[in-house]
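Both ligands and their constituent atoms are indexed starting at 1 by order of listing.
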Amino acid sequence: MKKNAQTALIHAPRRAPQYIQTVQPPLFRASTIIFENTDALFNRHWTDAYDYSYGTHGTPTTFTLGDHIAQIEGGLYHLLAPSGLSAINLVNSCLLSQGDEVWVPDNIYGPNMEHLRNLQQRYGIAVKVYNPLEVENFSPSDKAKLLWLEAAGSVTLEFPDLIGLVKKAQAHNILTALDNTWGAGLAFNAFDFGNEHLSVDMTVHALTKYPSGGGDILMGSVVTRDQHLHHQLFRMHAIQGICVSGDDVAQVQRSLASMQLRYEHQAKSTIELLNWLKLQPQFAQVLHPADATSAGHAYWKEICRDGHSAGLVSVIFDNNYKLQDIRNFCDSLKLFKLGFSWGGPVSLVMLYNLKEMRVLEHSHLKEGFLVRFCIGLEHPEDLIQDIQQALKVLA
Ligand SMILES: *Cc1c(COP(=O)(O)O)cnc(C)c1O
């Protein structure tokens with residue numbers, strides 16, 4: 001068929017062959033997916049995880065990354081979302097209905113709490129806060145549907161009694177969702193705490209952090225081992241139009257190969273920093289799960305493989321310092337940049353006022369302003385020097 005120039009521009013004479021082998025998988029970008037014929041159209045099963053019918057439901061590119069993430073975390077089924085918080089939204093909006101009760105640790109990732117508070121106001125969902133270090137504190141009623149877990153917890157990095165909490169949730173038939181961003185599937189297997197029945201029901205992972213590793217991509221995932229639960233999440237994922245860009249997926253896929261090397265390297269640098277930070281008189285307390293003085297250290301030791309401990313460490317300044325002092329300290333850092341998130345090449349610092357962030361009393365935390373350091377890929381000696389020079393503004 002002879003084509004007009006405009007048509008020829010669109011229907012190119014050459015397409016890449018299917019069989020070519022490359023180190024990275026080929027990238028599919030799709031809104032439309034072209035059906036071979038009407039038979040294929042009428043026989044499509046978009047509710048099957050691996051059928052291709054439209055871009056929002058997935059492409060070989062998104063399924064390849066999802067399979068990879070599920071495998072790393074010890075799960076079977078996966079869904080990708082455009083950010084970690086979007087993955088959290090998927091879980092909350094799928095599993096919670098009017099009148100239900102949800103339990104969250106006091107050190108939960110802040111925006112998850114805000115999301116739940118919003119559901120509370122609009123749908124009468126009861127949000128209950130528990131102390132992650134005390135299983136008895138989690139006392140579900142018969143309306144409880146979901147227990148959120150986070151290990152280590154956000155900002156203050158307490159390591160919870162994961163096994164105790166999962167056992168209790170299972171005894172009450174309550175679903176468990178673990179925010180697995182800190183462990184990244186490398187520090188421990190949330191789907192097998194010693195045996196496969198001792199397992200969380202689903203993990204949420206901000207792929208924005210370690211899997212991306214670049215500080216430049218946003219993405220999230222929800223992984224399960226249970227087909228029925230996955231199907232529920234899958235339907236919600238579809239009707240909410242939650243999907244990710246193939247280009248972003250390809251970037252995360254490319255970074256996965258080096259994830260464990262980066263994770264272990266950053267963890268090692270963080271331990272070096274931790275040991276130095278502990279000796280500095282300006283800090284009243286240093287928070288890191290691998291440190292014997294940190295809350296939940298024994299649980300961390302029980303669960304985390306090979307001393308895995310990620311790249312975060314927080315310090316609480318001596319309570320004599322004023323907010324302006326701590327701001328001066330943060331502003332004087334040169335290598336550490338002031339910004340949210342972690343897992344990228346650049347070390348980050350963030351300043352928090354704990355009093356505004358916690359609901360319960362916490363006797364294990366000293367009074368004072370808290371600064372969290374997220375360790376990047378710089379040499380730890382240079383990072384120590386940077387903190388050392390910035391501490392001089394406190395003199
Ligand atoms: C960053 C983060 C998230 C959210 O991920 P985004 O992609 O930034 O939305 C969720 N949970 C934890 C623990 C995180 O650190």
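Each of H231, H230, H228, H237 was checked for a ring pair (Phe, Tyr, Trp, His ring centres under 6.0 Å) with Y77, and the lone residue meeting it is H230.
Here the shortest heavy-atom distance to atom 6 (P) of ligand 1, taken over C374, G84, G343, belongs to G84.
In terms of protein heavy-atom proximity, atom 14 (C) of ligand 1 is nearest to K209 NZ, 2.8 Å. What sits closest to atom 9 (O) of ligand 1 on the protein, heavy atoms only, is L85 N, 2.9 Å. Among protein heavy atoms, the minimum distance from atom 12 (C) of ligand 1 is reached at D179 OD2, 3.4 Å. Protein heavy atom closest to atom 7 (O) of ligand 1, with residue, atom name and distance, is T208 OG1, 2.5 Å. The nearest protein atom to atom 3 (C) of ligand 1, hydrogens excluded, is given as Y109 CZ, 3.4 Å; this is a heavy-atom distance.
Ring pair H205/Y210: centre-to-centre distance not below 6.0 Å.
Atoms of ligand 1 lying under 4.0 Å from any heavy atom of E150, numbered from 1 in the order shown and given with element: 13 (C).
S314 places no side-chain N or O within 3.5 Å of a backbone atom of T156 that could act as its donor or acceptor partner.
Across all their heavy atoms, G185 and N180 have their closest contact at N-ND2, 3.8 Å. Listed here is the closest heavy atom pair of A295 and L133: CB-CD1, 3.6 Å.
Within the structure, the closest approach of W342 to ligand 1 falls below 4.0 Å when heavy atoms are considered.
Identified under the side-chain hydrogen bond (donor to acceptor under 3.5 Å, both in side chains) test for residues 164-175, with sequence neighbours left out: none.
For a threshold of 3.5 Å applied to N or O pairs, the pair formed by S154 and ligand 1 contains no separation below that value.
No more than 12 heavy atoms of other residues, nucleotides or ligands sit less than 6.0 Å from atom CG of N4.
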